*Asks:* 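Here's a structure for you.
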Amino acid sequence: MELNQDVQYLKGVGPAKVKLLNILGIHTLEDLITYYPRDYEDRGKPRKIEDLQDGEEALIRAVPTSRFHVINTRRNMKICKLLVSDDTGTIEIVWYNQPYLKDKFTSNKEYSFYGKVSKKAGVITMNSPVFDAENESKNTGKIIPIYPLTYKLSQNMLRQIIENGLKAVDGKLEEILPDYILKDYNLMGINEATYKIHFPKDFEEFKYARLRLAFEELLTMQLLLNNLKYKSIEGHNGIQFDKNVKMSDVINSLPFKLTKAQLRVLEEIDRDMESDKIMNRLLQGDVGSGKTIVAIISAYKAVKSGYQMAIMAPTSILATQHLESFKNVLEPFGIKCELLISNMTKKKKEEIIEKLANGDIDVLVGTHSILEENIVFKNLGLVVTDEQHRFGVNQRSIISAKGKNVDTIVMTATPIPRTLGLILYGDLDISSIDELPPDRKKIETYAVTRAMEDRINNFIKKQVKEGRQCYIVCPLVEENEEIDAKSVMEMVDIYKNQVFTEFRVEYIYGKMKQKEKDQIMQEFKDGKIDILISTTVIEVGVNVPNASLMVIQNAERFGLATLHQLRGRVGRGEYQSYCILKYQGHSDTIMQRMKVMQDTNDGFVISEKDLELRGTGDFFGTKQHGLPEFKVANLFEDINILKQVQVVANKITREDPDLNNEENKKLKKMINKRFSGKIEI
Ligand code: ADP
Ligand code: MG
């Protein structure tokens with residue numbers, strides 16, 4: 001069978017199963033065999049009955065020592081019991097409603113059982129185990145893959161289907177890694193690795209299968225990024241912005257002193273802008289570190305050198321706020337700034353399009369709308385994207401293509417763990433603002449349970465009475481308009497009509513009309529609203545210095561990175577600020593996460609912890625960073641593989657950047673397939 005064939009043609013897959021497979025995102029044979037296990041159970045090593053512990057899952061080999069008897073309970077339940085023994089002890093096996101199993105057992109033969117052990121009051125039992133007769137190894141005797149499932153599809157069924165799928169394509173998978181890489185790094189071939197990641201003989205074999213697949217994933221990713229970087233520095237034909245335009249003219253006009261870090265970063269940018277190199281710079285700095293002003297000063301340099309500048313932000317609220325900041329600083333220098341968001345009249349938009357094309361607008365501040373095809377600049381020279389993590393790798397290149405050899409700065413407050421940074425921004429130079437403006441106070445953070453509800457509400461009242469404002473954030477349950485609205489509305493009802501009747505309470509959520517959102521945000525900024533209830537729409541960039549308190553409901557549902565971003569909305573002014581994390585549950589992960597938030601305000605520490613706590617299986621926000629998901633590789637654990645991969649990738653890129661050599665052609669094909677529609681080599 002061919003890889004792209006529909007799974008319905010596979011043996012043992014009828015219409016009902018096709019539906020279930022589709023739910024799992026499995027449509028083709030290729031989807032099926034790359035649907036990797038999320039875990040494995042070691043059913044390989046038998047244990048002695050006397051060594052078994054309460055609660056563990058274990059494999060035993062034992063001989064039946066009682067008859068198989070069935071007890072009928074009053075509720076019409078059939079409890080089936082069988083005593084089995086090895087040379088160290090006896091255990092009771094229990095099944096429910098499976099009297100037909102009776103015929104499977106003969107008293108003097110040995111069987112393997114795998115299941116959960118319970119040891120209570122001296123009685124040791126195993127509940128509903130899977131089992132095999134002496135010479136069988138259908139369910140035991142090996143490592144068994146465990147797949148993410150959907151309702152009505154069992155592990156056994158899926159395992160069987162995948163095994164059939166693997167048989168159908170055995171030996172037909174195309175090897176894309178060149179021979180020398182396979183040899184140099186001692187990697188399995190693709191056919192072997194694909195089979196063994198599902199059905200390894202032992203964990204050693206699993207490790208090698210996984211290594212091979214992770215290597216390939218990381219290598220294709222790295223080659224693509226190398227290629228982007230290569231293209232961006234190819235030739236020194238960047239714009240040389242005017243050396244006589246002095247950034248210091250703007251800097252001296254500001255009402256505050258820039259931090260050392262801001263000044264250093266501006267120097268780096270200034271140098272790049274004046275050189276003939278095309279600037280591709282990542283500007284990272286924790287929330288509140290003052291990245292916007294850096295963008296504004298860079299815009300000054302570009303505009304006064306005779307070019308246009310564009311800055312793209314992920315939400316209209318943020319774009320609107322940026323416009324204000326840009327105008328405040330740049331209008332006194334005669335620089336014309338305009339806003340472009342999706343929600344504006346057709347007439348206004350047409351006016352902007354026209355002015356942009358004939359150069360009557362110097363700075364365009366906007367959202368994704370800037371990417372639209374009909375947005376054409378007269379001579380765009382500098383592009384900034386704010387909160388880079390909200391945009392894909394590809395969007396970065398779309399906007400740059402609206403000018404010729406433009407310089408770009410991408411700004412992000414999402415602290416990027418070192419490992420991810422290596423991959424994600426491999427094609428960028430990095431500038432860091434590693435210092436906050438001096439007047440900032442540490443945000444005091446407290447993690448509390450529901451028992452503290454009244455005290456928290458009193459604290460909110462106290463803050464508001466002192467003239468401050470407060471955010472209450474509740475988790476967006478799903479990307480679903482109704483649920484989204486509902487969870488906010490419930491909160492609003494309680495807070496507005498019961499708890500804080502004497503204050504002005506308003507709400508905002510993602511799917512609200514843009515106009516309403518903008519209006520509410522504006523009123524909050526103007527101090528007309530005391531308490532703002534919201535979903536995570538306020539996560540990014542909004543600046544209300546008078547807001548000193550943030551209460552986050554169900555904080556356990558948010559990742560650390562998000563919590564940190566949210567918290568960054570307070571502590572932006574002169575007031576001591578607070579963040580209260582209300583959480584439920586007390587699993588280790590939750591407790592650790594809450595502790596991290598209480599202990600540190602440092603975004604980098606938090607991001608490293610985040611990655612660590614998420615662990616295997618959940619690959620740190622690659623999606624939010626605009627990268628495709630990794631199926632096998634894990635950016636936290638695979639740093640060593642990544643390092644090896646980078647050595648190979650850099651060598652390949654040096655010798656054959658566009659991957660046109662015969663031995664690299666298959667790699668190229670795979671890369672273009674994996675990133676299809678997004679970007680191409
Ligand atoms: P972020 O890096 O999170 O985007 P902003 O650029 O929004 O942060 O800056 C946060 C606030 O700090 C803004 O009100 C800005 O005017 C102010 N700010 C920036 N730099 C300084 C500085 N050096 N001293 C004092 N305030 C500053
Ligand atoms: Mg910002």
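Predicted, not measured: the structure shown is a model, and the values here were computed from it. Read the numbers this way: they start at 1 and go in the same order the structure lists the ligands and their atoms.
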*Asks:* Counting each atom of ligand 1 from 1 as listed, which ones have a heavy atom of Arg572 under 4.0 Å away?
*Replies:*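 Listed by number with element, the hits are 3 (O), 5 (P), 7 (O), 8 (O), 10 (C).
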
*Asks:* Looking at Lys257, which atoms of ligand 1 are within less than 4.0 Å of one of its heavy atoms?
*Replies:*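 Answer for ligand 1: 22 (C), 23 (N), 24 (N).
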
*Asks:* Which word best sums up how the rings of Tyr507 and Tyr509 line up, parallel for under 30°, tilted for 30 to 60°, or perpendicular for over 60°?
*Replies:*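 Ring orientation of Tyr507 relative to Tyr509: parallel.
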
*Asks:* Just to check, does Gly285 reach to within less than 4.0 Å of ligand 1 when the distance is taken from its heavy atoms?
*Replies:*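 The answer is no: ligand 1 sits nowhere under 4.0 Å from a heavy atom of Gly285.
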
*Asks:* Applying salt bridge (charged side-chain N to carboxylate O under 4.0 Å, His left out) between Asp270 and each of Lys246, Lys243, Lys301, report the one that passes.
*Replies:*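 Exactly one option meets the salt bridge (charged side-chain N to carboxylate O under 4.0 Å, His left out) with Asp270, and it is Lys301.
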
*Asks:* Short question: side chain of Thr320, backbone of Ser316 - any donor-acceptor pair under 3.5 Å?
*Replies:* yes

*Asks:* Specify side chain, backbone, both or neither for Thr292, according to which of its non-hydrogen atoms lie closer than 4.0 Å to ligand 1.
*Replies:* both

*Asks:* What atoms of ligand 1 come within less than 4.0 Å of a heavy atom belonging to Thr259?
*Replies:*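 Answer, ordered by atom number: 23 (N).
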
*Asks:* Going by the atom numbers of ligand 1, which of them fall below 4.0 Å from some non-hydrogen atom of Leu258?
*Replies:* 23 (N)

*Asks:* For Gln262, counting its heavy atoms only, list the atoms of ligand 1 lying under 4.0 Å from any of them.
*Replies:* 19 (C), 20 (N), 22 (C), 23 (N)

*Asks:* Look at the aromatic rings of Phe459 and Tyr578 and report parallel, tilted or perpendicular, splitting at 30° and 60°.
*Replies:*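 Perpendicular: the ring planes of Phe459 and Tyr578 meet at over 60°.
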
*Asks:* At a 4.0 Å threshold, what atoms of ligand 1 neighbour a non-hydrogen atom of Gly290?
*Replies:* 1 (P), 2 (O), 5 (P), 6 (O), 8 (O), 9 (O), 19 (C)

*Asks:* Could you check Lys441, Glu574, Gln463, Arg468 and say which one makes a side-chain hydrogen bond (donor to acceptor under 3.5 Å, both in side chains) with Ser548?
*Replies:* Gln463

*Asks:* Can you tell which of Lys291, Glu268, Arg264 makes a side-chain hydrogen bond (donor to acceptor under 3.5 Å, both in side chains) with Ser431?
*Replies:*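 By the side-chain hydrogen bond (donor to acceptor under 3.5 Å, both in side chains) criterion, Ser431 pairs with just one of Lys291, Glu268, Arg264: Glu268.
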
